[in-house]
Amino acid sequence: MIIIRKERVKDYNNIYKLIAEAFKTAKVSTGNEADFVIKIRNSPNYLPELAFVAEIDGKLAGHIMLSKYTYQSKGDTRDILLLAPLCVREECRCTGIGSLLIDEALAQARGLDYNAIVLAGDPAYYSRFGFKASIIFNIKNSNGFPDENILMYELQPHALYNTEGIISF
């Protein structure tokens, strides 16, 4: 049975190992995803209420984190959420764990004071959850990622209408 729950401090070491292992076999990886999670946790952008794990028989099988992210749009600062990283243990992939983690994160995020989520990822995977290329919203990235891989999700209808800006991870 798969259980989705909030991460706990006592999970941190196992989450680090899970992320490091999962990204060794990921299609796209920077190699620093596990360290990125530590960086987020040690910043004011960390939102513990939006960091989840998937467990199977008491063993971690997946992890997702949403954190606060700020970008400039038409001269205004906008707070949105960053989805990074999402991972599933290699032997548990294609079982729906990633979908369960995303669904839980989106459901919890809707109840907070944020209107959108951004991520760098595979459009073929994330589009089924409603993520769209950021360029549709006139939001570009300055990291050299292909535009089609910077994706956004509106937590509120038309939240990104009439926006523009630059995303920089």
Side-chain angles (χ1 to χ4, degrees), residues 1-12 14-23 25-30 33-34 36-37 40-41 45-71 78-137 139 145 148-161 163 167 169:
M1 182 167 123
I2 301 168
I3 295 171
I4 306 296
R5 64 170 175 79
K6 290 180 182 166
E7 71 176 20
R8 302 176 190 136
V9 172
K10 69 180 187 177
D11 297 322
Y12 288 0
N14 288 330
I15 290 169
Y16 185 92
K17 292 174 191 172
L18 169 71
I19 295 168
E21 277 301 310
F23 277 95
T25 56
K27 281 184 187 179
V28 178
S29 174
T30 63
E33 289 83 5
F36 183 65
V37 167
I40 290 171
R41 282 196 196 115
N45 297 332
Y46 177 53
L47 302 170
E49 66 273 24
L50 293 177
F52 302 94
V53 296
E55 274 186 356
I56 299 175
D57 300 325
K59 186 175 179 186
L60 294 185
H63 178 263
I64 192 169
M65 177 182 277
L66 295 175
S67 58
K68 182 179 171 183
Y69 179 81
T70 303
Y71 78 101
R78 296 198 178 204
D79 290 335
I80 60 174
L81 297 170
L82 169 66
L83 189 161
L86 166 66
C87 72
V88 175
R89 211 171 59 220
E90 185 176 21
E91 62 270 21
C92 297
R93 291 180 187 155
C94 300
T95 62
I97 290 173
S99 294
L100 290 172
L101 285 165
I102 291 172
D103 289 343
E104 182 66 19
L106 294 179
Q108 295 301 317
R110 282 187 196 99
L112 300 177
D113 196 24
Y114 297 92
N115 61 16
I117 300 171
V118 64
L119 64 83
D122 180 1
Y125 180 75
Y126 289 101
S127 65
R128 63 186 170 158
F129 300 99
F131 284 85
K132 299 174 183 171
S134 65
I135 199 73
I136 292 170
F137 306 108
I139 298 172
F145 291 113
E148 65 269 14
N149 292 100
I150 304 302
L151 307 170
M152 299 191 82
Y153 179 88
E154 294 178 296
L155 290 165
Q156 311 297 329
H158 310 294
L160 297 171
Y161 176 76
T163 60
I167 297 289
F169 299 115

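Starting from 1, each residue takes its place in the sequence as its number. In this text the structure is predicted, and so the values were computed from the model without any measurement.
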I need the single residue from Q108, H63, M65 that forms a side-chain contact (heavy atoms from CB on, under 4.5 Å) with F52. Which is it?
Q108
Parallel under 30°, tilted from 30 to 60°, perpendicular over 60°: which one fits the rings of F131 and Y126?
perpendicular
What distance do K132 atom NZ and L160 atom CG have between them, rounded to the nearest 0.5 Å?
9.5 Å
Counting C-beta onward and ignoring hydrogens, is there a side-chain heavy-atom pair between L83 and F129 closer than 4.5 Å?
no
Output for pair (Y114 OH, K68 NZ), nearest 0.5 Å, gives 5.5 Å
Between OG of S67 and CG of N45, what distance do you get to the nearest 0.5 Å?
6.0 Å
Considering only heavy atoms from C-beta outward, does the side chain of L119 approach that of Y153 to under 4.5 Å?
no
Side-chain heavy atoms of V53 within contact of R5, under 4.5 Å:
yes
Separation between OG of S99 and CD of E104, rounded to the nearest 0.5 Å:
13.0 Å
Spatial distance of atom CG (L151) from atom CD1 (I135) [nearest 0.5 Å]:
12.0 Å
Are any of the side-chain heavy atoms of L60 and E55 separated by less than 4.5 Å?
yes
Which atoms form the tightest heavy-atom contact between A159 and E154, and what is the distance?
N-OE2, 3.0 Å
Test item: S134 and V118 side chains (from C-beta on) under 4.5 Å apart, heavy atoms
no
Does any non-hydrogen side-chain atom of L155 lie less than 4.5 Å from one of L81?
yes
For the student: nearest non-hydrogen atoms of L50 and A105, plus distance:
CD2-O, 4.3 Å
Least distance between heavy atoms, P123 atom then G121 atom
CD-O, 3.3 Å
Minimum heavy-atom separation for V37 to P85, with atom names?
CG2-CD, 3.3 Å
side-chain contact (heavy atoms from CB on, under 4.5 Å), that's the test. Do M152 and T163 meet it? Break it down for me.
CA-CA 12 Å; M152 299 191 82; T163 60; over 6 Å; no
Nearest non-hydrogen partners of I40 and A84, listed with the distance
CD1-O, 4.0 Å
State, to 0.1 Å, how close L66 and A109 come at their nearest heavy-atom pair, and which atoms those are.
CD1-CB, 3.9 Å
The reported gap from CD1 in I139 to CD1 in I80 (rounded to nearest 0.5 angstrom) is 6.5 Å
For residues 113-127, which residue pairs pass the salt bridge (Lys or Arg N to Asp or Glu O under 4.0 Å) check, not counting sequence neighbours?
K27-D122
Sorted by first residue and then second, give each salt bridge (Lys or Arg N to Asp or Glu O under 4.0 Å) pair with at least one member in residues 82-103; sequence neighbours left out.
R89-E91
